[in-house]
Amino acid sequence: RDSAISYSQDRHAELLRWDEISKARTRRWFNSSDEEIRDYLLPIIDSVIRVLKTLTPENFDYDTQENSVRAGCLPGQGMVVTGVLAAVCPTDIVAHRIAINMGFFEVPKMGYLYESQSFGVRDSQLLTLLHEVMHFHDVASSIDYFPGVNSASRNFADVKAKMNSDGLAAYILAIA
């Protein structure tokens with residue numbers, strides 16, 4: 001959580017500078033380096049930081065149908081999805097519960113490439129946390145249009161890229 005906050009604060013500062021590095025990063029993930037994308041991302045990143053700062057261990061629970069309903073999802077439309085690391089009910093904007101599946105504990109915490117400070121494109125707990133926070137309606141109301149960092153990277157020119165959970169999370173982590 002604290003690392004996610006730090007990376008989010010870095011992107012916020014970068015957007016305020018709005019230099020060539022900032023513009024190159026937004027072009028990389030959203031095919032845009034104009035004021036519109038900057039103005040779109042700033043409040044999202046502010047919301048990411050706000051929500052992350054409130055997260056405690058009580059915000060995390062196992063991904064079960066019962067916990068999904070408790071988070072506000074309707075029965076049968078809950079968070080429980082086979083094969084995902086975590087899930088949220090996007091309307092749960094008060095408690096911001098994040099449902100964790102067992103696979104979450106099997107991926108690296110940070111996702112650094114071997115012997116570097118650069119991130120790989122595989123799942124990590126950090127990427128997953130940012131991805132899930134993006135879904136909340138009081139953050140970005142993001143959707144998994146292009147699941148996975150590789151898919152998000154290949155589809156950066158699509159109009160839906162700026163609403164894609166993995167693209168937003170990868171942007172915050174400055175994945176190259």
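Hydrogens, waters and symmetry mates are skipped; everything else that's a heavy atom, side chains included, is used.
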Side chain to side chain donor-acceptor pair (under 3.5 Å): which pairs involve residues 42-52, sequence neighbours left out?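 For residues 42-52: His12-Asp46, Arg50-Asp138.
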Give the intermediate values and the outcome of side chain to side chain contact (heavy atoms under 4.5 Å, CB included) for residues Asp61 and Arg97. CA-CA 7 Å; Asp61 212 340; Arg97 294 177 195 96; over 6 Å; no
Give me the atom names and distance for the closest heavy-atom approach of Asp34 to Ser32.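 Scanning both residues, the minimum pair turns out to be OD1-OG, 2.9 Å.
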Locate the shortest heavy-atom distance separating Met110 from Ser124; write the atom from each residue and the value.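 Heavy atoms of Met110 and Ser124 come nearest at O-OG, 3.3 Å.
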[X] (side chain) donor-acceptor with [Y] (main chain) under 3.5 angstrom:
{"X": "His135", "Y": "Ser142", "value": "yes"}
{"X": "Asp39", "Y": "Glu36", "value": "no"}
{"X": "Asn59", "Y": "Ala95", "value": "yes"}

What's the spacing between Ser3 OG and Leu52 CG if we round to 0.5 Å?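 Ser3 atom OG to Leu52 atom CG measures 10.5 Å (nearest 0.5 Å).
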Between CG on residue Leu127 and CG on residue Leu129, distance to nearest 0.5 Å: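 Those atoms lie 9.5 Å apart.
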Would you call [X] and [Y] a side-chain contact if the rule is heavy atoms closer than 4.5 Å?
{"X": "Leu130", "Y": "Ser8", "answer": "yes"}
{"X": "Ile49", "Y": "Gln9", "answer": "yes"}
{"X": "Ile100", "Y": "Phe105", "answer": "yes"}
{"X": "Ser22", "Y": "Arg11", "answer": "no"}
{"X": "Trp29", "Y": "Leu168", "answer": "no"}
{"X": "Asp123", "Y": "Phe104", "answer": "no"}
{"X": "Phe146", "Y": "Arg154", "answer": "no"}
{"X": "Thr128", "Y": "Val84", "answer": "no"}

Hey, quick one: are [X] and [Y] part of the same hydrophobic cluster, counting side-chain heavy atoms closer than 4.5 Å, chains of contacts allowed?
{"X": "Met102", "Y": "Val107", "value": "yes"}
{"X": "Phe30", "Y": "Leu16", "value": "yes"}
{"X": "Ile143", "Y": "Ile44", "value": "yes"}
{"X": "Leu85", "Y": "Tyr62", "value": "yes"}

Under the side-chain contact (heavy atoms from CB on, under 4.5 Å) test, which residues partner Ala13, sequence neighbours left out?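 For Ala13 the side-chain contact (heavy atoms from CB on, under 4.5 Å) partners, ignoring immediate neighbours, are Arg17.
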Residues in side-chain contact (heavy atoms from CB on, under 4.5 Å) with Lys109, at least two apart?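 Listed in chain order: Gln125.
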Just list the side-chain donor-acceptor pairs under 3.5 Å for residues 169-176, sequence neighbours left out, or say none.
none

Applying salt bridge (Lys or Arg N to Asp or Glu O under 4.0 Å), can you list everything that pairs with Glu35, at least two apart in sequence or on another chain?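 Checked Glu35 against salt bridge (Lys or Arg N to Asp or Glu O under 4.0 Å); matches are Arg38.
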Establish, from distance only, whether the side-chain atoms of Ser33 and Arg25 form a donor-acceptor pair under 3.5 Å.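 Ser33 vs Arg25: no donor-acceptor pair found between side chains.
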Between Tyr40, Phe156, Trp18, which is the residue that forms a side-chain contact (heavy atoms from CB on, under 4.5 Å) with Thr26?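 The side-chain contact (heavy atoms from CB on, under 4.5 Å) with Thr26 is passed solely by Trp18 among Tyr40, Phe156, Trp18.
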Only one of Asp10, Ile45, Ile37 passes side-chain contact (heavy atoms from CB on, under 4.5 Å) with Leu15; say which it is.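 In the set Asp10, Ile45, Ile37, the residue that makes a side-chain contact (heavy atoms from CB on, under 4.5 Å) with Leu15 is Ile45.
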Can you run down the salt bridge (Lys or Arg N to Asp or Glu O under 4.0 Å) pairs that involve residues 158-176, sequence neighbours left out, and say none if there aren't any?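 Qualifying pairs, neighbours excluded: none.
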